[in-house]
K.L.:
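This is the structure I have questions about; it appears just below.
Bear in mind that the values here come from a model prediction, so they are computed numbers and not experimental data. So you know, we letter chains A, B, ... as the sequences are listed, proteins then strands, and number each from 1.
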There are 2 protein chains.
Amino acid sequence: MKKVTINSVASYAGVSKKTVSRVLNNEPNVSDATREKVLKVFKELDYTPNPIARGLAQNRSFIIGCLYDNPSKSYITRVQTGALAACHELNYNLLIHPCELRGEELISNIEQLIQTSRLDGIVLTPPFSDFPELVSFLKSKKIPYARVASAVLEDDSISVRSNDEQGAFEITEHLIKLGHKEIAFIKGHPDHSATEQRFKGYRRALASNGIEFDERLVEEGNFSYHSGVDSARTILDLNPRPTAVFASNDYMAAAVLKLATQMQLRVPDDISIAGFDNAPIARHIWPGLTTIAQPVEEMTQQAVKQLITHIGDPQESPYQVTLEAKLITRESTAAIK
Amino acid sequence: MKKVTINSVASYAGVSKKTVSRVLNNEPNVSDATREKVLKVFKELDYTPNPIARGLAQNRSFIIGCLYDNPSKSYITRVQTGALAACHELNYNLLIHPCELRGEELISNIEQLIQTSRLDGIVLTPPFSDFPELVSFLKSKKIPYARVASAVLEDDSISVRSNDEQGAFEITEHLIKLGHKEIAFIKGHPDHSATEQRFKGYRRALASNGIEFDERLVEEGNFSYHSGVDSARTILDLNPRPTAVFASNDYMAAAVLKLATQMQLRVPDDISIAGFDNAPIARHIWPGLTTIAQPVEEMTQQAVKQLITHIGDPQESPYQVTLEAKLITRESTAAIK
DNA sequence: TGATATTATGACACCGGTGTCAGATTGGGA
DNA sequence: TCCCAATCTGACACCGGTGTCATAATATCA
């Protein structure tokens, strides 16, 4: 199996390699006859251009970096799926880079990543999407970036999100419509902007239904299953016990469910439980969790597509979209008895 | 911020770029004085060699591809974690490539991946690790590869595994020691070699404890939660009902637990349940699942390290390791009453 | 038909490294 | 002190593409 390079194609087709390059890149100023001749040789020789050589010549790597620091494996894989779909479509590669938001030297870690791997752009997923130090660092270094699920929509950056506040509003209202008035809330990790958004939605639903907000019903979690257990312990020991619990994600909701079950409480008869994210666990436990589904793959795919487009054509103005989140009702919530 | 290339370093240090290259690659035949002088300039100019240029010159990409087709997100992220650790250490990049084993044109899909991304090597994770068509294709194309968690140890390939058969043996014996004699078994996906291994371990434990194997207690699953539900339905309806169920992975075990709970069975009082893999769900449900923990990150890391070493020095003989799996007992199994 | 505008094509340098090989320098032994 | 081997070093081509620019071919118009 001999190597097929642009030179072999050129000599085989009887044209210069520059012309071959033109055909490769769909450049104008190639006659139809020549173009077809070259395309035929591509097929005959089964030619695939070498992205490394191309990268060297154009000073690009065709690699997008994807940053995440997220306890949810399913969220991560969904992000990856969306990012890969976009990369695949546009002939880019994806470099995944898990790292810690609060780890030491985050910025220099990222800087080194960019230096050594020569990334063409970066996708920021929560909690990085709204981390000001990182965003302004990328901006100052003029590294193209896109933000997934960020709360703040800046004017000048690519950002694709779904409406966390609205989702939280809807699920809270769902509980209220079922007759619940004492609805406990477990917050997420303070570094994630979604935490604040979901809390806002919860409060707005209470307010718009004339239910007074009760601070004692709010617990601080951090999105981890473990933090859910701690919060659940406090909430379930309250007297009177709330009739419903809305946890900011499904892992914490699963923890509430576990503890409730251990305490011989029947869900949803004795207490309703709602989560957020529609993680696999939401349907792997019994009863299944009522939750909010976000289009994570779709968000990431759009963000990466925009990012790559922007890299290829920087004056293209960045765009910002908000996608819909959707209420999914399962067995863990029911009308109050 | 000006670009720092090997040329800038060379002229700044007053040597030829070839000498700089020698220092970069730790080649011999550079005097200590020269070497230090160049190293100092590296620091001063904050020079990072361009992997793309290096790749072009050496006809390498410094990219390892990681193939997977696995329903378990946690398994995937663990694989990625291990692979990334190895890549990071050896200055390689990781290209993740989810794809379907039984998808159409798998081979040509992989071939295209290798062609277009110029992978230097491939890590195969289950179920690819033991997929003969793919392995022999890679061998014929002389693409270096390493296999993670494969059942078959060929002589001439890198392979790191853990002992599935032994793990299944131990967990079955654990149930037997608790007094169980009717132990149902749910098989995994037939494409995964682990499926056969775990079944073997189950049967060996029965045999070595003088318990007759009963075919009616065996159900065909496919590692998915959903298949677990189906298998559980059949098993739990058996009369007499088995006193324990050993599912080939934790998702299926969780499904058994869910159905048992729905049927008002108490776990472990009425029935014991065991899983395999120690997936997060094993401790996210109540009662927590007794299961087998495998060193997935460690396996993958070792495999990738070996692979990269082999790429750099092909006559280095490939090595094969089997790591230990470990029994983890939680609340889902108990002595028979 | 000739002059000019437009399109098509190729020669050549270049991207930032590495491989080859020749020549310069150093060191050790006679 | 001289010679030869061992050690250093650099010139130059090359990896496989792309950018620039000059020139060749063709089209347009008067």
Side-chain angles (χ1 to χ4, degrees), chain A residues 1-39 41-42 45-63 91 93 115-118 120 311-313, chain B residues 1-39 41-42 45-63 91 93 115-118 120 311-313:
Chain A
M1 191 185 88
K2 242 183 38 213
K3 247 189 316 187
V4 180
T5 72
I6 199 171
N7 290 298
S8 13
V9 173
S11 68
Y12 196 90
V15 299
S16 74
K17 60 186 210 170
K18 178 66 216 187
T19 298
V20 176
S21 167
R22 285 194 183 93
V23 175
L24 261 181
N25 296 285
N26 271 311
E27 285 174 30
N29 298 339
V30 179
S31 73
D32 290 351
T34 308
R35 188 179 299 275
E36 271 179 42
K37 186 170 58 181
V38 174
L39 285 172
V41 176
F42 283 176
L45 267 47
D46 192 21
Y47 168 69
T48 314
N50 185 331
I52 300 180
R54 197 196 286 236
L56 180 59
Q58 300 190 140
N59 194 26
R60 311 216 255 155
S61 63
F62 298 97
I63 294 177
N91 289 312
N93 282 335
Q115 268 286 321
T116 58
S117 294
R118 312 276 160 158
D120 287 347
I311 291 166
D313 183 3
Chain B
M1 191 185 86
K2 244 183 38 213
K3 246 189 314 188
V4 180
T5 73
I6 199 171
N7 291 298
S8 11
V9 174
S11 68
Y12 197 90
V15 298
S16 74
K17 60 186 210 170
K18 179 66 218 188
T19 298
V20 176
S21 168
R22 285 194 182 93
V23 175
L24 261 182
N25 296 286
N26 269 312
E27 284 174 32
N29 297 338
V30 179
S31 73
D32 290 351
T34 308
R35 190 181 298 275
E36 270 180 42
K37 187 170 57 180
V38 174
L39 285 173
V41 177
F42 283 175
L45 266 47
D46 191 22
Y47 169 69
T48 315
N50 185 331
I52 301 180
R54 196 196 286 233
L56 179 60
Q58 300 191 144
N59 195 26
R60 310 216 256 155
S61 62
F62 299 96
I63 293 177
N91 289 313
N93 282 335
Q115 269 286 322
T116 57
S117 294
R118 312 279 160 155
D120 288 345
I311 291 167
D313 183 4

K.L.:
Among D:dG17, C:dG19, D:dG19, which is the nearest nucleotide to the side chain of B:Gln58?
P.N.:
C:dG19
K.L.:
Please pick, from D:dG10, C:dG10, C:dG17, the nucleotide with the shortest atom-to-atom distance to any side-chain atom of B:Asn50.
P.N.:
C:dG17
K.L.:
So does A:Arg118 reach the base of C:dG16 with its side chain, donor to acceptor, closer than 3.5 Å?
P.N.:
no
K.L.:
Which residue, B:Arg22 or B:Ile52, contacts DNA chain C at a nucleotide closer to its 5' end, judged by nearest heavy atom?
P.N.:
B:Ile52
K.L.:
Can you check the A:Leu24 CG to D:dG16 P distance for me, whole Å?
P.N.:
14 Å
K.L.:
Within the structure shown, what part of the strands sits under 4.0 Å from B:Pro51 by heavy-atom distance: base, sugar-phosphate, or nothing?
P.N.:
nothing
K.L.:
If each of B:Ala57 and B:Arg35 is mapped to the nucleotide of DNA chain D with the nearest heavy atom, which maps nearer the 5' terminus, i.e. the 5' end?
P.N.:
B:Arg35
K.L.:
Report yes if at least one side-chain N or O of B:Lys3 is closer than 4.0 Å to OP1 or OP2 of C:dG16; otherwise report no.
P.N.:
yes
K.L.:
Just by distance, do the side chain of B:Asn50 and the backbone of B:Ile52 share a donor-acceptor pair under 3.5 Å?
P.N.:
yes
K.L.:
To the side chain of A:Thr34, which of D:dG10, D:dG19, C:dT9 is closest?
P.N.:
C:dT9
K.L.:
Hey, what bend do you get for the helix from C:dT1-D:dA30 to C:dA30-D:dT1 if you fit axes on five pairs at each end, rounded to 10°?
P.N.:
40°
K.L.:
In terms of side-chain heavy atoms of B:Thr5, which of C:dG10, C:dG17, D:dG10 is nearest?
P.N.:
C:dG17
K.L.:
Is there a side-chain contact between A:Arg54 and A:Ile6 (heavy atoms, below 4.5 Å)?
P.N.:
no
K.L.:
Is any side-chain nitrogen or oxygen of B:Ser31 closer than 4.0 Å to OP1 or OP2 of D:dT9?
P.N.:
yes
K.L.:
Using atom types as modelled and distance alone, determine if a side-chain donor or acceptor of A:Asn93 lies under 3.5 Å from a backbone N or O of A:Ile63.
P.N.:
no
K.L.:
If you check every side-chain atom of B:Lys17, which of C:dA8, D:dT18, C:dT18 has the closest atom?
P.N.:
C:dT18
K.L.:
Please give, in whole Å, the distance from C:dT20 P to B:Glu27 CD?
P.N.:
10 Å
K.L.:
Determine the contact category for B:Val20: base if any of its heavy atoms lies under 4.0 Å from a base atom, sugar-phosphate if only primed atoms, P, OP1 or OP2 are that close, otherwise nothing.
P.N.:
nothing
K.L.:
Base, sugar-phosphate, or nothing: which does B:Pro28 touch, judged by heavy atoms less than 4.0 Å apart?
P.N.:
nothing
K.L.:
Of the nucleotides C:dG16, C:dG10, D:dG16, which one has an atom closest to the side chain of A:Ile6?
P.N.:
D:dG16
K.L.:
May I ask you to verify if any side-chain N or O of B:Asn25 is less than 4.0 angstrom from the OP1 or OP2 atom of C:dT18?
P.N.:
yes
K.L.:
Quick one: B:Asn29 CG to C:dT20 P, roughly how many Å, whole number?
P.N.:
14 Å
K.L.:
Phosphate oxygens OP1/OP2 of D:dG17: is one of them under 4.0 Å from a side-chain N or O of A:Ser21?
P.N.:
no
K.L.:
Choosing from D:dC15, C:dT20, D:dG17, which nucleotide comes nearest the side chain of B:Lys18?
P.N.:
C:dT20
K.L.:
On the nucleotide D:dT9, are OP1 or OP2 found under 4.0 Å from the side-chain N or O atoms that B:Ser16 carries?
P.N.:
no
